[in-house]
Amino acid sequence: MDRYFLLLNLTSVSAQFSHNTTVNVNATLKHFSVFDGCERYVEGILFDLTLQMINVIVGIPANLLVIAILIHNRKEPSTSDLFLGCLAFMDAYFGSMTPLYFLNLYIWHSKEVWSAVKFSFGVKDTSGPLFLSCICLDRFVAVLFPITFGQLKPIKYRLSLTLLVFCLTFAYSTAKMVGGLPNFEKVFTGEVLATFTWMVICNGSILWVLKKSRGAGKDDMHPMKKKAFKMVLSILRIIIFNYLPLVALFPFEDYYSPDVFRCYVQPVGFAFLNISSTIQPLVYLSRLEKVPFLPDACIKKFTSCITIEKNKNISAQKPST
């Protein structure tokens, strides 16, 4: 399940880097194809390539805007802003590696750049689930244990947790870059299963408590609780959309034929994980009442679909209240 064995049949590229000499590298690369080994099953790889390009075009600017907004609002920060900022930074870094990845496949053929690409894959595999788990933990303690949350408000606790996540991320990414570790893919499988389970249980508990605490109508909910409710609901949607395909498909590798798993299941599963680099910042921006640095007309046009959907939900709830 190691990512660099599946995206664009990276096994063949890795073999070229490790075995080819300067004399025969051009001859070998003439036979290289993006769909090498998956010529009959190109749909999954095309789907992944499309989402990777969306990450470059939309995801990088969106994540940079999130970072700029968090810096702009640093005088009135939320307790989870540190985790959101780190998540946006990691996603922007991952998206910025995609152009280098394609340039190296077709032009540079550099082993050093390839190692950097593998490192970025490890960063994406680890940082996203772990920082989302930190945000869920922050909201979980705030809603279910408000007294304890008040005692843990100093920034030092979040800095310590952030440092731990960075250490785990860099350790995993370095191991992925070096390669050759036996059963290393099981680390990623265990991580995704554990974080997915934690985030679903955590967010489900928060939603249940917040929904239980409101009165007859939704407007009776405390403004802070309503804000937390919206945040947790958006995180839960991200978790289900981006991580459920991995959790649902990857543990059943033995039930697929090798070609179907390598050319369909893995590229599609990782594509859903990759596109979270675009979805996460867009969801954050859509929850803001006003986005700094951008004109109001642009924001209204960009969020019109979300506003229409919200109005539909409100109108559907009115008759029952």
Side-chain angles (χ1 to χ4, degrees), residues 1-7 10 44 47-48 51 80 83 86-87 90-91 94 118-141 144 161-162 164-177 179-208 231-258 260-280 283:
M1 207 177 306
D2 198 344
R3 182 194 295 243
Y4 75 87
F5 280 111
L6 56 105
L7 291 180
L10 297 181
F47 178 69
D48 179 59
L51 297 191
S80 57
F83 304 135
C86 292
L87 181 60
M90 291 299 201
D91 282 340
F94 175 73
K118 288 197 291 183
F119 185 87
S120 71
F121 287 158
V123 168
K124 181 58 183 174
D125 291 348
T126 314
S127 63
L130 292 183
F131 276 122
L132 277 178
S133 296
C134 291
I135 296 172
C136 293
L137 176 63
D138 183 79
R139 296 297 90 197
F140 181 81
V141 177
L144 274 71
L161 192 56
T162 300
L164 176 61
V165 171
F166 273 118
C167 290
L168 292 175
T169 298
F170 292 145
Y172 175 91
S173 303
T174 302
K176 191 180 190 74
M177 178 180 66
L181 299 178
N183 298 320
F184 180 73
E185 68 277 1
K186 293 183 179 179
V187 176
F188 174 73
T189 305
E191 176 209 357
V192 170
L193 288 173
T195 53
F196 180 84
T197 303
W198 156 249
M199 288 187 286
V200 170
I201 294 175
C202 178
N203 286 295
S205 302
I206 295 172
L207 291 177
W208 180 76
M231 173 184 281
V232 171
L233 191 60
S234 64
I235 292 176
L236 187 59
R237 289 169 178 167
I238 291 173
I239 294 167
I240 293 175
F241 181 79
N242 293 122
Y243 295 93
L244 184 59
L246 292 171
V247 174
L249 297 175
F250 279 22
F252 303 100
E253 177 180 355
D254 294 338
Y255 292 90
Y256 303 100
S257 67
V260 170
F261 188 78
R262 180 169 59 89
C263 301
Y264 272 125
V265 177
Q266 286 186 326
V268 171
F270 275 118
F272 277 99
L273 176 65
N274 293 340
I275 198 60
S276 65
S277 296
T278 297
I279 293 177
Q280 284 161 184
V283 169

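Note that the structure is predicted; figures quoted are calculated from it, not measured. We use all heavy atoms of the structure for the numbers below, so side chains are in, but hydrogens, waters and symmetry mates are not.
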Who pairs with Thr195 by side-chain contact (heavy atoms from CB on, under 4.5 Å), at least two apart in sequence or on another chain? Pro129, Leu130, Ser133, Glu191, Met199

Using the side-chain hydrogen bond (donor to acceptor under 3.5 Å, both in side chains) criterion, which residues pair with Thr126? Sequence neighbours excluded. none

Can you tell me how far apart CZ (Phe140) and CD1 (Ile201) are? Round to the nearest 0.5 Å. 9.5 Å

Set of residues satisfying side-chain hydrogen bond (donor to acceptor under 3.5 Å, both in side chains) with respect to Asp138, sequence neighbours excluded: Thr79, Arg158

Using residues 242-249 as the side-chain source, report each donor-acceptor pair under 3.5 Å to any protein atom, sequence neighbours left out, with the distance given to one decimal.
residue, atom, partner, partner atom, Å
Asn242, ND2, Phe272, O, 2.8

Please name the pair of heavy atoms, one in Pro267 and one in Phe261, separated by the smallest distance, quoted to 0.1 Å. CD-O, 4.2 Å

For a side chain to side chain contact (heavy atoms under 4.5 Å, CB included) check, start with the C-alpha distance between Val283 and Arg237, then their side-chain angles and the critical distance, and finish with the verdict. CA-CA 10 Å; Val283 169; Arg237 289 169 178 167; over 6 Å; no

Got a sec, which residues hit ring pair (Phe, Tyr, Trp, His ring centres under 6.0 Å) with Phe131, two or more places apart in sequence or on another chain? Phe166

If the condition is side-chain hydrogen bond (donor to acceptor under 3.5 Å, both in side chains), which residues does Thr278 pass it with, not counting sequence neighbours? Asn55

For Leu87 and Gly128, work out which heavy atoms get closest and say how close. CD1-CA, 3.7 Å

Which atoms form the tightest heavy-atom contact between Lys176 and Lys118, and what is the distance? CD-O, 3.8 Å

Interatomic distance, Ser276 atom OG to Leu51 atom CG [nearest 0.5 angstrom]: 10.5 Å

Residue pair Gly122 / Tyr172: nearest heavy atoms and the distance that separates them: O-CD2, 3.5 Å

So CD1 of Ile238 and CD1 of Ile275: to nearest 0.5 Å the spacing works out to 12.0 Å

Got a second to check how far Tyr256's OH is from Tyr264's OH, nearest 0.5 Å? 13.5 Å

For Asn203, run the side-chain contact (heavy atoms from CB on, under 4.5 Å) check against Leu132, Ile235, Ile240 and tell me which one passes. Ile235

Between Lys124 and Ser277 the two heavy atoms that sit nearest each other are NZ-OG, 2.9 Å

Min side-chain heavy-atom separation Cys136-Trp198 under 4.5 Å: yes

Begin from the C-alpha positions of Cys202 and Arg139 and carry the test side chain to side chain contact (heavy atoms under 4.5 Å, CB included) through to its verdict. CA-CA 9 Å; Cys202 178; Arg139 296 297 90 197; over 6 Å; no

Under the side chain to side chain contact (heavy atoms under 4.5 Å, CB included) criterion, do Cys134 and Val165 qualify, and how do the steps go? CA-CA 9 Å; Cys134 291; Val165 171; 3.7 Å; yes

Checking Val123 now: which residues fulfil side-chain contact (heavy atoms from CB on, under 4.5 Å) with it, not counting sequence neighbours? Met90, Tyr93, Phe119, Ser127, Thr169, Ser173

Those residues that, when tested against Leu207, pass side-chain contact (heavy atoms from CB on, under 4.5 Å) (two or more places apart): Phe229, Val232, Leu233, Leu236

